[in-house]
Amino acid sequence: MKQKVVIRVTLNNGKKNARAKAMQIAVALQGVESVSLQGEDSSQIVVVGDDIDSVNLTSLLRKKVGFAELTSVSPVSTEEKPKQETKPSESGIQSMIWPTYQAGVPCYYQPSVPYYTYDVTGYNQNSCTIM
């Protein structure tokens with residue numbers, strides 16, 4: 001399920017590159033599709049993605065950046081827009097789009113290596129020399 005998570009973070013606490021660090025932490029989570037800073041002073045991080053663990057994200061931000069408060073978690077509506085049909089041109093002929101050619105991996109023939117045997121005369125595998 002696609003969801004939108006809003007976390008309020010104090011980014012002006014004297015730490016250098018706190019915004020970049022907060023963005024990197026949010027992007028590193030599994031399922032995240034987009035991250036943005038919003039609010040009047042860019043103090044809110046908005047994360048959109050599939051099945052995001054919002055509690056884990058908030059605790060990571062608290063450990064690495066500073067104060068973080070989970071503001072809201074809401075589902076994102078997935079309204080599909082109707083596809084536009086291709087209209088034929090004025091002459092009545094519809095335009096054609098050719099697929100790109102994708103060549104496969106070339107296959108090379110490798111001849112087999114001949115197998116040579118070497119026979120030792122006077123060697124018996126069944127006899128034991130110790131006994």
Side-chain angles (χ1 to χ4, degrees):
M1 179 175 85
K2 205 173 211 182
Q3 59 187 358
K4 177 181 176 181
V5 178
V6 179
I7 301 172
R8 190 176 68 189
V9 181
T10 305
L11 297 174
N12 298 330
N13 55 0
K15 291 185 180 179
K16 211 174 191 184
N17 298 329
R19 289 185 179 155
K21 195 171 192 179
M23 297 281 278
Q24 287 176 353
I25 291 169
V27 170
L29 285 180
Q30 183 178 3
V32 173
E33 293 178 2
S34 68
V35 178
S36 63
L37 291 173
Q38 291 182 353
E40 57 192 41
D41 58 347
S42 298
S43 63
Q44 292 180 345
I45 296 178
V46 178
V47 181
V48 177
D50 292 326
D51 297 327
I52 301 169
D53 189 0
S54 58
V55 175
N56 185 25
L57 175 60
T58 307
S59 64
L60 284 173
L61 287 170
R62 283 180 186 155
K63 287 179 186 177
K64 304 286 182 172
V65 177
F67 176 77
E69 179 184 3
L70 183 60
T71 305
S72 69
V73 177
S74 60
V76 175
S77 62
T78 55
E79 297 178 9
E80 293 184 20
K81 297 179 182 177
K83 294 182 180 179
Q84 295 179 354
E85 294 182 22
T86 56
K87 297 179 182 178
S89 62
E90 294 176 2
S91 64
I93 300 173
Q94 188 175 6
S95 63
M96 184 81 165
I97 299 173
W98 294 95
T100 59
Y101 177 73
Q102 296 183 3
V105 177
C107 181
Y108 298 104
Y109 173 72
Q110 294 181 346
S112 62
V113 179
Y115 181 74
Y116 296 105
T117 59
Y118 182 69
D119 292 330
V120 178
T121 57
Y123 177 72
N124 188 358
Q125 292 180 349
N126 295 333
S127 65
C128 181
T129 57
I130 297 175
M131 292 184 164

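All residue numbers refer to positions in the sequence shown, counting from 1.
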Just how far is it from atom CD1 of Ile52 to atom CD of Gln3, taken to the nearest 0.5 Å? 5.5 Å

List the residues meeting side-chain contact (heavy atoms from CB on, under 4.5 Å) with Val27, not counting sequence neighbours, and say none if there are none. Val35

Write down the atom of Asp41, the atom of Arg19, and the distance for their closest heavy-atom approach. O-NH2, 3.4 Å

Nearest heavy-atom pair of Val65 and Thr10: which atoms, and what distance? CG1-O, 4.3 Å

Counting only heavy atoms not in Gln38, do more than 12 sit closer than 6.0 Å to its CD atom? yes

Of all heavy-atom pairs between Ala68 and Arg62, which one has the smallest distance, and what is that distance? O-NE, 2.9 Å

Side-chain heavy-atom pair Val73, Lys4 within 4.5 angstrom cut-off: no

For the residue pair Lys64 and Gln24, establish whether any side-chain heavy-atom pair is separated by less than 4.5 Å. no

Do Gln44 side-chain atoms and Val6 backbone N/O form a donor-acceptor pair below 3.5 Å? no

Gap separating the CG atom of Asp51 from the CE atom of Met1, nearest 0.5 angstrom: 7.0 Å

Would you say Leu29 and Val47 make side-chain contact, with heavy atoms under 4.5 Å? no

Among Thr58, Leu70, Leu61, Thr71, which residue meets the side chain to side chain contact (heavy atoms under 4.5 Å, CB included) test with Arg8? Thr71

Note, Ser54 side chain near Leu57 side chain (heavy atom, < 4.5 Å): no

Give me the atom names and distance for the closest heavy-atom approach of Ala22 to Ile45. CB-CD1, 3.6 Å

